[in-house]
Amino acid sequence: MRLECPYCAAKVSQRRNREGPNFCPACRKLFSLPPEHEVPPWVLGVLVVLIGNWQIMLHTTV
């Protein structure tokens, strides 16, 4: 995965370290990435139910 250093904006080609800081070889600084915001599973469940109901309504109105 390619990361971007927040200090020098260099593209860093290394594995993303989720448990600690990453190292930029260009400016030789450690940096941490902001946490990723994952979609909660209940949101996906609600979307599945809504799409299912919409599909049922489309087929019953015809």
Side-chain angles (χ1 to χ4, degrees):
M1 178 176 210
R2 294 188 60 93
L3 306 172
E4 185 173 326
C5 176
Y7 299 110
C8 66
K11 298 291 183 188
V12 180
S13 179
Q14 66 184 11
R15 282 189 57 204
R16 178 183 212 161
N17 185 3
R18 296 177 190 264
E19 299 166 357
N22 293 290
F23 177 72
C24 176
C27 64
R28 298 178 186 243
K29 291 186 179 181
L30 294 174
F31 62 94
S32 294
L33 297 173
E36 293 179 357
H37 299 288
E38 294 184 13
V39 178
W42 65 269
V43 173
L44 298 176
V46 169
L47 287 175
V48 167
V49 169
L50 289 174
I51 291 173
N53 286 337
W54 178 62
Q55 289 291 324
I56 291 170
M57 289 186 63
L58 281 178
H59 289 291
T60 58
T61 58
V62 174

So the salt bridge (Lys or Arg N to Asp or Glu O under 4.0 Å) pairs with at least one residue in residues 4-13 (sequence neighbours excluded) are Glu4-Lys11
Sequence neighbours left out, what passes side-chain contact (heavy atoms from CB on, under 4.5 Å) with [X]? Give chain and number order.
| X | result |
| --- | --- |
| Trp42 | Pro40, Val46 |
| Tyr7 | Cys5, Cys27, Lys29, Phe31 |
| Val48 | none |
| Pro41 | none |

Could you work out the complete set of other residues in the hydrophobic cluster of Phe23, with links drawn between I, L, V, M, F, W and Y side chains under 4.5 Å apart?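 Its cluster mates, by chain and number, are Leu30.
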Taking the side chain as every heavy atom from C-beta outward, state whether Asn22 and Ser32 have any pair of such atoms under 4.5 Å apart. no
Would a hydrophobic clustering, with Ile, Leu, Val, Met, Phe, Trp and Tyr connected at side-chain separations under 4.5 Å, put Leu50 with Leu44?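 Leu50 and Leu44: one cluster.
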Within 6.0 Å of CD in Gln55, more than 12 heavy atoms from elsewhere: yes
